[in-house]
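What follows is a structure written as structure tokens; I'll ask about it next.
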Amino acid sequence: MALGDLMWSRFSQSSASLSQQLDECSLNNGERSETRDEERVSSGYVGTVVVGFGGGSVITPTAMAYLPQTIVLCELRHDRFEDSMPTGSSDSGLVSKWRPRERMKTGCVALVLCLNISVDPPDVIKISPCARMECWIDPFTMAPRKALETIGETLNQQYERWQPRARYKISLDPTVDEVKKLCTTCRKYAKTERVLFHYNGHGVPKPTANGEIWLFNKSYTQYIPLPISDLDSWLKTPSIYVFDCSAAGLIVNAFMELQDSTISSSSGPTSRDCILLAASEAQQTLPQSAEFPADVFTSCLTTPIKMALRWFCTRSLLRESLDYSLIDRIPGRQTDRKTLLGELNWIFTAVTDTIAWNVLPHELFQRLFRQDLLVASLFRNFLLAERIMRSANCSPVSYPILPPTHQHHMWDAWDMAAEICLSQLPSLVEDPTAEFQPSPFFTEQLTAFEAWLDHGSEDKKPPEQLPIVLQVLRSQCHRFRALVLLGRFLDMGPWAVDLALSVGIFPYVLMLLQTTTPELRQILVFIWTKILALDKSCQVELVKDGGHTYFIRFLDSVEAYPEQRAMAAFVLAVIVDGHRRGQEACIEAGLLHLCLKHLQTSILNDTQTEPLFLQWLCLCLGKLWEDYAEAQIIALQADAPAILRPLLAEHEPEVRAAAVFALGTVLDVGFNTSRDSVGYEDNDDDEKIRAEVAIVNSLLGAVSDGSPLVRAEVAIALSRFAFGHNKNLKSVAAAYCKSLSNSVLSSLPAFVFKSSSSGYTTPTHYVSKGSVVPSMISPLLRVGADSQSVVRDGRVCSSSPLATAGMLHGSPLSDDSSVLNDGASNGVLGHTRPGPFDNALYSQCILAMFTLAKDPSPHVSGLGQRVLATIGIEQVVARSGRSNPGSARAGESTSNPISSLAGLARSSSFFDMNGGGHLPLSFRTPPVSPPRPSYLREGMRRVCSLEFRPHLTSSPDSGLADPLLASPGGFGVSERSFLPQSTIYNWSCGHFSKPLLSSADEGVDIISRREEREKLALEQIAKCQHSSMSKLHNQIASWDTKFETGAKTALLQPFAPIVIASDENERIRVWNYEEAVLLNSFDNHGYLDKGISKLCLLNELDESLLLVASSDGNVRIWKDYTSKNKQKLVLAFSAIQGLRPGLRSVNAVVDWQQQSGILYVSGEISSIMAWDLDKEQFMTSIPSTSDCYISALAASQVGQFAAGFIDGSVRLFDIRTPEMLVAVSRPHIQRVVGIGFQPGIEPAKIVSSSQAGDIQFLDMRRFSDAYLTIDAHRGSLTALAVHRHAPLIASGSANKLIKVFNLEGDQLGTIRYYPTFMAQKIGYVSCLAFHPYEVLLAAGAADACVSLYADEVPQLR
């Protein structure tokens, strides 16, 4: 059961109305991979075509059509990986929007009451009856002094309910000096905290036009003005003022003018945190109606529930039946939500919070309602004051100015809730034991929130009930439902998480981690997953409050589903990510051993564990011990590398990449101390060395992984290894540089060698007579193959000392000398202490680094070049002689300043030795003879433009340029920042930022489009199966591709009038043949060595992908290739592994099998490589059982494939059988040019053609020889195409001729070159391709023309 289902089903126990809706929700991931594997395992296929004629059905041997259901390469990593734009939790940005800059507290409260009881101010004319109550006390019922003191004490108590910990000071009818002393004392006590100044001026005149308030002289014979500027200078900032007097708006106006003048007079920015609440506008007087108390503004601010109910009762249906005195006897406490008073206070808080959040700007809401508890309470109550006092034609004002809220519709909800609660008041007062019935307010608001979730989105107005959901979390009776709805809301995207955090949800969900309620665990983990996917800074509070233990316990709970436990592992990974205190706390809590235990259990039980869970266990471990030496030691003691190693063979690329990440972070980078500065001969930690050797060997095995995600992590891990073993690796690289062995370096990218005497050398300095051999990259110029060390005048030339026995199988390097032995003679390497590892391992690491630096994926190659730069090897930036400035240089990475595909100029290879001035013996090149002219011209052409990076410093020990590690001391921040950051971690974090709960109707458009295409395909297939007489004599389109080397391969799209073609230089062009418009043109890669093998379409019934196979065995897959300059590289890998050094090309042949998801690759190698593209994983190597190479390859619609060899033999394989080889035949005497399966239900029927011109029809299971032979072209056959569904084949020749045959061998038509005007014109036929579902043929010629042929000329659509 997925998490969504679990959440909804759990909730259905308490809310049946919600469960019907939520049961449709499920996780996006979990089920997809299982369904995909089930589809692969099944051998059945969909879509039986039964063609009806004349009322009857005719079923022929070719009447079966199977449409593959498998879809590959459609995961998150295939969308933007090559853009190097990982997504994940942020360190900044959104954080500042929701988190208050700093929490504030009101530390001191000054209460100033100027009542002068029994003496009315001269500017006030009172009505009769008049409002008399002050703090709900009638001052005329007792002596004036006694009344004044009682009112002051009562006001103090009212404020203490909102801020009990503040220090309170009361000043009754004070003088100016007393107020000054009061203010300075309060500021002294408060220090940097906020001071509240409450002024009641009911016994003094209105404020002056200048904003002065009135006080008394000592004898109470005069009113003394106090300017607001003086008050502000005494209280300073932060402060909040409450002015309860008539015309209080004058004070606010004067204060705003003071603020403006202060800002204009100050040179720098001023930050004054001052807040004002005033009872009326500048021209208004306070209400005098006896309906209100005299201090109605203060009563609203300090006793809001009492004031609100009294005001409401006068306007409700209860005014005649309810005794107002009962309001003073409401049972319960404000803090007890199970009582009537607590319920009313709770509802009032929710209503006012909701109004404020929906009306105020978010930044102002954060400042006024979330920064200071007392300020938040006062502003909630201020909203009530505005509502009540506006009904009496008095408008309270504030600074900052708030928009009007007195008519917000949430006040109606408050009125209804108040009426329901008050209707119970008489019975509750009469019978204290009577049970209080809670208001349905919160249930109704949650229902409204749920309705918004069903129809809302990011583009619509946010749900106004979000603050109410926050309040509901405080109640046990509504908490589970609120959490479930909140989880649904957070799942809508990062914007929703940010909104929830801005409301103030963080402290509540943090507090809930202290609960032990079992049913809350899953949803709390989900909510925290969403929060941390947005903002990782929450890790600090989690560790501080011990929240990490909650997730560790959940991770170990066996009853939780793997998807949920993966979320817990994600939360823990974020907690320890770059947070040392988090790492320490989780190590103490046993997280490391817990993760290893679950990994080991999944491996030992050999059960299908949720890949997401395995992935996050690895990532959590990697982050737990990343740059934390103590944790790395614990990991090695627990044999963590051995537990992680089997995960490198997992099917999911994310799991393999996460395992590589975890293994790489175990390696000690040595930021604190330089490993190379300590002699390893003194290091007796053999266990650690053995563990690191095992880790490095595991990483080397993953260099050839099919997923760029995995290879990128390998490059990052090797960069850590290179930092930790920098000097030893540089020494090995220096020895490599001295050897300049072509057999190894020919396959490496260009790198720079610098002569100490003449600067950067040219390729001619290295050429030895007769030494030029073919290279798989470009013509390489190297020294002669002299295996003896030659020392002339301090100049050294020797074979590679690194090629120790067993270093590389089949490597021509056979010198037994080591770096140390060679160092004795060259005077350079002798300065380096022996490393902890065998030199062969270092040399293998360097070869792996070079392999990564020339990776087909631009992102991975950029990382590989950064790794090489770590050990001082700089690549040459060489530009290809042929360039098209207007074209989109597909595959080039611009995100990495070091990465440039052009930088891997596959030309002569050089190291930068840069040893001048630092070495006892300078590196100089030995005198060599010039090369052969032809190779020299080619080599110089390919390095015609060289750009060299400036080198900052040189290492005194190795002579290699080392701009990164010049200092022999510890690694600093700048060196640390050079280490490339993990890709898999950020990408994996991005997974949780996306919606995880989806409704059942998601993807309806995709499904309907596929159904339409399946229907169209089946209709077209039915027509194809009865097209045995098609002549294809009409040329419907002709396209001059303008390829310099002619069209090498072509492909027709199944559901659009589009043809795709490529030339030998791997320039790909896409053309709409109905509109005769070029849609797109791009290069497959930017390397100099070119050569196309084949184009294939993946997922042709859905959003198709273009697979481009190069002659060197590299495979690249593109999406959005029909849009101009919008193509994206989805996947790139080297499909042929283990090539011999120095081999230029393998003439790779490939074919794709959609139903099984397997790509078959072979060529001039002894086996066929089978790759699972969906898992991006090498499946198996199938022996070809022949001494000859494969020249043609074809896969059937099922698990079989056929291979044609250069000796004319044909073999049929079935990957589903244990022996795989099904049948062998040799129908030809020359090289097999083309091969294909005949349409129909007999997969053993094959059509093959050879260079001799013959076409053979084979039934491999029944006969060893061909049952039909066509002598199509005598000695000139160049191309063969077999239609997937129609009984048609086509062959092309070098004689500019195309012939069309049916499966009985009858020639149906001929397309030839006619020199007459308006005739069909074709050149040397280089490729042929049938449309998958139509009788349509595309023919590519050596003259760069691609022509399309059909039976009839179609009408223009």
Side-chain angles (χ1 to χ4, degrees), residues 749-750 774-779 854-858 861 877-892 900-907 937-945 1039-1051 1059-1071 1078-1096 1106-1118 1121 1124-1125 1127 1129 1132 1134-1136 1143-1150 1163 1278-1279 1323-1327 1329 1338-1346:
S775 164
M776 66 181 296
I777 300 175
S778 67
K854 63 181 181 65
D855 194 272
S857 164
S861 66
V877 182
R879 294 188 175 91
S880 173
R882 174 188 174 274
S883 63
N884 185 359
S887 65
R889 308 300 296 177
E892 292 186 2
S900 171
L901 270 186
L904 294 182
R906 302 193 174 190
S907 58
R937 286 195 301 272
E938 176 70 10
M940 289 302 293
R941 181 184 68 82
R942 298 202 177 194
V943 290
C944 58
S945 175
W1039 171 33
D1040 183 4
T1041 62
K1042 303 186 185 303
F1043 287 140
E1044 296 177 2
T1045 58
K1048 181 67 184 300
T1049 180
L1051 183 67
V1059 59
I1060 309 161
S1062 177
D1063 65 351
E1064 190 64 30
N1065 291 324
E1066 301 192 58
R1067 185 73 179 170
I1068 298 165
R1069 290 197 168 103
V1070 184
W1071 189 58
L1078 181 67
L1079 300 179
N1080 196 16
S1081 178
F1082 61 96
D1083 285 328
N1084 190 34
H1085 58 78
Y1087 293 123
L1088 291 178
D1089 271 355
K1090 305 287 186 177
I1092 195 73
S1093 173
K1094 190 173 184 179
L1095 301 176
C1096 298
L1106 178 64
L1107 183 148
V1108 184
S1110 303
S1111 300
D1112 58 3
N1114 288 335
V1115 172
R1116 295 171 178 85
I1117 300 174
W1118 300 88
Y1121 54 89
K1124 188 172 183 61
N1125 298 335
Q1127 68 280 347
L1129 187 59
S1134 179
I1136 296 181
L1143 190 62
R1144 179 178 177 84
S1145 177
V1146 292
N1147 293 320
V1149 290
V1150 305
T1278 56
Y1324 175 104
V1325 179
S1326 56
C1327 59
D1343 59 3
C1345 183
V1346 174

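All figures in this text were calculated on a predicted structure; none of them were measured in a lab. In this chain, numbering begins with 1 at the start of the sequence shown.
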side-chain contact (heavy atoms from CB on, under 4.5 Å) between Ser1110 and Arg1116, intermediate numbers included: CA-CA 8 Å; Ser1110 303; Arg1116 295 171 178 85; 3.7 Å; yes
Worked check of side-chain contact (heavy atoms from CB on, under 4.5 Å) between Asp1040 and Cys1345: CA-CA 5 Å; Asp1040 183 4; Cys1345 183; 5.6 Å; no
Flag, side chain of Asn1080 to backbone of Tyr1121, donor-acceptor distance under 3.5 Å: yes
OH-CG distance between Tyr1324 and Asp1343, expressed to the nearest 0.5 angstrom: 12.0 Å
Heavy-atom closest pair, residues Pro856 and Ser1134: CG-N, 3.9 Å
Check: Tyr1087 side chain, Lys854 main-chain N or O, donor-acceptor pair, under 3.5 Å: yes
Atom pair OG/CG of Ser1093 and Leu1107 - distance to nearest 0.5 Å: 9.5 Å
Pairwise distance CZ(Arg1067) to CZ(Phe1082) - rounded to 0.5 angstrom: 9.0 Å
Pair Leu1079-Trp1071, side-chain contact (heavy atoms from CB on, under 4.5 Å): steps then yes or no: CA-CA 5 Å; Leu1079 300 179; Trp1071 189 58; over 6 Å; no
All side-chain contact (heavy atoms from CB on, under 4.5 Å) counterparts of Thr1049, not counting sequence neighbours: Ser1062, Ile1092, Leu1095
Heavy-atom closest pair, residues Ser861 and Pro858: OG-O, 2.9 Å
Nearest heavy atoms of Ala1148 and Ile1136, plus distance in Å: CB-CD1, 3.9 Å
Pair Leu1106-Leu1051, side-chain contact (heavy atoms from CB on, under 4.5 Å): steps then yes or no: CA-CA 10 Å; Leu1106 178 64; Leu1051 183 67; 3.9 Å; yes
Check: Ser857 main-chain N/O paired with Asp855 side-chain donor or acceptor under 3.5 Å: yes
Presence of salt bridge, Lys1048 and Asp1063, under 4.0 angstrom: no
Over all atoms of both residues, closest heavy-atom pair of Gly1113 and Val1146: N-CG2, 4.2 Å
Set of residues satisfying side-chain contact (heavy atoms from CB on, under 4.5 Å) with respect to Ala1329, sequence neighbours excluded: none
Check: Asn1147 side chain, Ser1111 main-chain N or O, donor-acceptor pair, under 3.5 Å: no
side-chain contact (heavy atoms from CB on, under 4.5 Å) partners for Val1346, two or more places apart: Trp1039, Thr1041, Ala1047, Val1059, Ala1061, Leu1348
CD on Glu1066 to CG on Asn1114, rounded to 0.5 Å: 8.5 Å
